[in-house]
Amino acid sequence: MLSETKIKRLLNNYIEKETSFRFQKFLGKGSYGIAYVLVHKETGEQYVLKRMKSKFKKKKQSILKFKQEIEMLKLLDFPNIPNVILEGEIEGIPFYIMDLIDGHTFEQEIFQEGKSFSLEESFTILKKLLDVVIKIHDKKIVHRDLRTPNILIKNETIYIIDFGLASYITENAFIEKINNPKKLEDPRSDLYFIGHFLLFLIYSNYSPTSRKERSWQEELKLPKEVQNYIERLLLIGPAFSSAKEALQSIPTFIIRA
Ligand SMILES: Nc1ncnc2c1ncn2[C@@H]1O[C@H](COP(=O)(O)OP(=O)(O)OP(=O)(O)O)[C@@H](O)[C@H]1O
């Protein structure tokens, strides 16, 4: 079997000899892939290399899924999504090089930096996020993993990474899998995740007043329009039909002009 150490060495040799990049450091490991930071030999700019884990080498479905991630990133050729610079395969292990987004994930912002966001700031971020998500849905793609570690901010601009769980939008998916919104091949899967993301932002500014377990509605005591809005994202209330509708329905009093 091809070990992770051997594939790392082969990939290292290939990158060093055949491309304009060199390995700099390990970045992180997910369930399917491993990511490294590369440096461009001439410009000194940093990039990210992501490769499939070698244990999936014989799994056709995993290889197809990994290649689909690359195909989607190439389709999403706008600035809020990392650009694919190069793609390839070593010993049957697909990999690709993309732009490094030199910002912070919202997981870092909230849980490491201890940042808190007011209701107005949370909705300003939501608005920017929906603008990007509308463009993704326009390409018939749904991300399906819009959580705080996959949404980044850099100089007030929002970026989305990790399309490992993304799918193409399927007609009628909403009716069929309404009970499992995370897996929906429908824009409303993203809206459901965005509802949770928005709650993380709002909770960053909340200090518990009681030890009792209470629902977010009871704890946050948000204005009724805001609560209804979040309930619609979370599919507790009537679902928005699209990210565009969710954007247009943001309660106007929250964001100052
Ligand atoms: N283009 C990028 N720019 C900056 N950081 C990135 C970029 N792509 C990935 N990362 C970071 O690299 C780390 C690993 O990412 P990767 O997508 O491989 O794993 P993951 O998010 O844990 O997911 P998966 O389980 O889907 O493989 C994460 O900490 C992520 O924030």
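As the structure lists them, so they are numbered: ligands from 1, and atoms in each ligand from 1.
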* Structure fact -> Ranked by distance from atom 15 (O) of ligand 1, the top protein heavy atom is A35 CB, 4.2 Å
* Aromatic ring pairing F117/F106, orientation class (parallel under 30°, perpendicular over 60°, tilted between) -> tilted
* **Contact check, side chains of F240 and Y229, non-hydrogen atoms, under 4.5 Å** => yes
* **Test of ring centre spacing under 6.0 Å for Y32 and F66** => no
* Asked: Taking NZ, NE, NH1 and NH2 as the nitrogens, is one of them in E245 or R232 under 4.0 Å from a carboxylate oxygen of the other?
  -> yes
* Asked: Centroid-to-centroid, F200 to F197, below 6.0 Å?
  -> no
* Specify whether Y47 and H40 have parallel, tilted or perpendicular ring planes, treating 30° as the upper limit for parallel and 60° as the lower limit for perpendicular. => tilted
* To do: Under 4.0 Å, heavy atoms only, figure out whether ligand 1 is touched by the backbone of L165, its side chain, both or neither.
  => neither
* Run the numbers for me: atoms of ligand 1, each under 4.0 Å from some heavy atom of S31, listed by number. => 24 (P), 25 (O), 27 (O)
* Any protein heavy atom lying closer than 4.0 Å to atom 29 (O) of ligand 1? -> no
* Heavy atoms only: which of N150, I101, I161 is nearest to atom 4 (C) of ligand 1? -> I101
* Please work out which of I151, V37, I81, L27 has its closest non-hydrogen atom nearest to atom 11 (C) of ligand 1. => L27
* Could you tell me the residue and atom name of the protein heavy atom closest to atom 16 (P) of ligand 1, and the distance to it rounded to 0.1 Å? => K50 NZ, 3.7 Å
* Structure fact -> Test side chain to side chain donor-acceptor pair (under 3.5 Å), reference Y96, set K67, E69, R51, output is E69
* ligand 1-proximal atoms of P82, by part, heavy-atom distance under 4.0 Å -> side chain
* **Atoms of ligand 1, numbered as shown, that sit under 4.0 Å from any heavy atom of Y32** => 27 (O)
* Run the salt-bridge test on E171 and K140 with the 4.0 Å N-O cut-off and return the result as yes or no. => no
* For ligand 1, which part of M98 has a heavy atom less than 4.0 Å away: the side chain, the backbone, both, or neither? -> side chain
* Is the closest basic N to carboxylate O distance between D138 and K244 below 4.0 Å? -> yes
* Passing option when K50 is tested against I34, L27, D162, V84 for side-chain contact (heavy atoms from CB on, under 4.5 Å) -> D162
* Can you tell me which residue and heavy atom of the protein come closest to atom 2 (C) of ligand 1, and the distance to 0.1 Å? -> V48 CG2, 3.7 Å
* Structure fact -> Numbered in order shown, the ligand 1 atoms found under 4.0 Å of a heavy atom of G33 are 27 (O)
* Asked: Closest non-hydrogen protein atom to atom 20 (P) of ligand 1, residue and atom name please, with distance?
  -> D162 OD2, 3.5 Å
* Could you tell me the residue and atom name of the protein heavy atom closest to atom 1 (N) of ligand 1, and the distance to it rounded to 0.1 Å? => D99 O, 2.9 Å
* Asked: Do Y14 and E91 pass the side-chain hydrogen bond (donor to acceptor under 3.5 Å, both in side chains) test, and can you show the C-alpha distance, the side-chain angles, and the key distance before you say yes or no?
  -> CA-CA 11 Å; Y14 173 81; E91 301 273 333; over 6 Å; no
* Numbered atoms of ligand 1 (with element) below 4.0 Å of K29, judged on heavy atoms -> 22 (O)
* Residue, atom name and distance, where the atom is the protein heavy atom closest to atom 22 (O) of ligand 1 -> G30 CA, 3.2 Å
* **Where ligand 1 meets L100 - atom numbers and elements under 4.0 angstrom, heavy-atom basis** => 3 (N)
